[in-house]
Structure formats: structure tokens, C-alpha cells
J.: 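Encoded as C-alpha cells, here's the structure I'll be asking about.
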Amino acid sequence: MSLRKQYWLMKSEPSDFSIDDLKSCKSTCWSGVRNYQARNYMRDEMKIGDRAFFYQSNAKQIGIVGTAKVIKEGYADYTAWDPKDKHYDPKSSPEKPVWFMVDIEIIKTCRKIITLNRLKSITELNHMGVVQRGNRLSVQQVSPEAWETILKLPEWN
DNA sequence: GCCAACGTTGGC
DNA sequence: GCCAACGTTGGC
């Protein structure tokens, strides 16, 4: 087990859940993720106090729009059990949950969006998953170096 | 709205 | 266990 704080990037489509939504509710469960790799991160790796970039995808403006922290560690995503839910999955049940989520709380929003193009233009961030072509993972690891680099950008102030 | 890249499913 | 077909993601 690592005591060191870890860093993440979490994608959301603003039409579904935006940074403003997070701002107004302050914290939320990150439900609806139906990808095994992303699930594994949330179930096994994400710890209370870990930090995450809030990234908006499939939007007019694409990129990082804020930061959040993990306030509750992996637990069963109960939205998978509701047949009426958009993310219903009959494979999952309360007895044998398949999908997991964490809770996050807003830390801050960018004054100005840090666009994907902007991230791509920064050489030190070339290794980031989100700038790689075809990367679809909705919960990604971020290196401490990338975290620092991005936090130093003027868009935050 | 298009479509390339990706993850998942299911037949064999 | 392979891999083609399919559905989804997400940038453009």
C-alpha cells in the first residue's frame, strides 16, 4: 500500500455532468463508469486525499476545467442494478457487484479551460494518456510531474 | 455528424 | 484462445 498521494484524470461529458454541476453539489459519486481498467483504478487504487483533474470530453471546448479530491474510496456502483438507469448492467448485483465508484469533492475550477491542444503543446506532458491518440480510458493515472506542470499553468489564476 | 480507434462479445 | 463483428468513445 502506498501512502503517497496519487493523481488522476477523470473524464466527463458536460452534457452529462459538468464542472459547474460539481461546483454546485460540491461532491458526488463518480457513477456510470463501465470500463474494467477504469473500474480497477477506482476499486483498488484511488485513495482518500488523491487528487484528480476534471476533464471535459465531447464538448465544444475540450480539456481540463478543474481539480477534485477523492473523499470516499471504491464501493459498489449501485446505478448498475437499476434497470431504469442509463448505465444498468444485469451482470452486476448487490451480492456480486461488478462496477465500482469513488466519491470526489471539488477543489477548484480553472479560470480558463486548459484545452487538449494546450496540453499537447507542452513537451513534458507528451507521456500523458489523455494526449495520446485514440485514448478512451475515462479514469487515467497522472504522474506527479505532469500534475505539477499543469498546476503551474496560468489558466488557474 | 463523421469516423478512427478502441473494448467487448460470442461463434468457432 | 482466436478473431471478426459490433457498439462506444470522443476528437474533429
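Here the structure is a predicted model, which means the values were calculated and not measured. Proteins come first, then strands; the chains are lettered A, B, ... in the order of their sequence lines, and each starts at number 1.
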J.: Within this structure, what is the CG-to-C1' distance between A/Asp89 and C/dT8, rounded to whole angstrom?
T.: 14 Å
J.: Can you see if the side chain of A/Tyr55 gets near the phosphate of C/dT9 - specifically, an N or O under 4.0 Å from OP1 or OP2?
T.: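 So the side chain of A/Tyr55 is outside the cut-off, no N or O lying under 4.0 Å from OP1 or OP2 of C/dT9.
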J.: Below the 4.0 Å mark, does B/dT9 have OP1 or OP2 next to a side-chain nitrogen or oxygen of A/Lys91?
T.: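 Yes, A/Lys91 has a side-chain N/O under 4.0 Å of OP1/OP2 on B/dT9.
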J.: With a cut-off of less than 4.0 Å, is there a side-chain N or O of A/Lys11 near OP1 or OP2 of C/dT9?
T.: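 So the side-chain polar atoms of A/Lys11 never come under 4.0 Å of the phosphate oxygens OP1 or OP2 of C/dT9.
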J.: Under 4.0 angstrom, heavy atoms only, what part of the nucleic acid is A/Lys60 near: base, sugar-phosphate, or nothing?
T.: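 A/Lys60: no heavy atom of the nucleic acid under 4.0 Å.
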J.: Given atom CD of A/Gln37 and atom P of C/dT9, what is their separation to the nearest angstrom?
T.: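 My rounded result for the distance is 16 Å.
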J.: Let me see the working for A/Lys23 and A/Thr109 under side-chain contact (heavy atoms from CB on, under 4.5 Å), right down to the final yes or no.
T.: CA-CA 8 Å; A/Lys23 213 158 135 188; A/Thr109 57; 3.7 Å; yes
J.: Starting from P on C/dC12, measure out to CD on A/Gln56 and report it in whole angstrom.
T.: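 After rounding, the reported distance stands at 14 Å.
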J.: I need the A/Trp81 CH2 to A/Trp99 CH2 distance, nearest 0.5 Å.
T.: 14.0 Å
J.: For residues 120-128 of chain A, tabulate all N or O donor-acceptor pairs below 3.5 Å that involve a side-chain atom, not counting sequence neighbours.
T.:
{"from": "A/Ser121", "atom 1": "OG", "to": "A/Arg118", "atom 2": "O", "distance (Å)": "2.7"}
{"from": "A/Asn126", "atom 1": "ND2", "to": "A/Thr123", "atom 2": "O", "distance (Å)": "3.3"}
{"from": "A/His127", "atom 1": "ND1", "to": "A/Glu124", "atom 2": "O", "distance (Å)": "3.2"}
{"from": "A/His127", "atom 1": "NE2", "to": "A/Ser143", "atom 2": "OG", "distance (Å)": "3.0"}

J.: Any carboxylate oxygen within less than 4.0 angstrom of a Lys/Arg side-chain nitrogen, looking at A/Asp77 and A/Arg34?
T.: yes
J.: Rounded to the Å, how far apart are A/Asn135 CG and B/dG7 P?
T.: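 Taking atom P of B/dG7 as the reference, CG of A/Asn135 is at 8 Å.
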J.: Whole Å only: how far is the CZ atom of A/Phe17 from the P atom of C/dG10?
T.: 17 Å
J.: Take the protein atom CG of A/Asn35 and the nucleotide atom P of B/dA5, then report the distance between them rounded to whole Å.
T.: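 Between P of B/dA5 and CG of A/Asn35: 19 Å.
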J.: Roughly how many Å is it from CG in A/Leu119 to C1' in C/dG10, rounded to a whole number?
T.: 15 Å
J.: In whole angstrom, give the distance that lies between atom CD of A/Gln132 and atom C1' of C/dT9.
T.: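 Result: 16 Å.
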J.: For A/Arg133 and A/Asn58, find the nucleotide of DNA chain B closest to each by heavy atoms; which residue's nucleotide sits nearer the 5' end?
T.: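 Whichever sits nearer the 5' end wins; that is A/Asn58.
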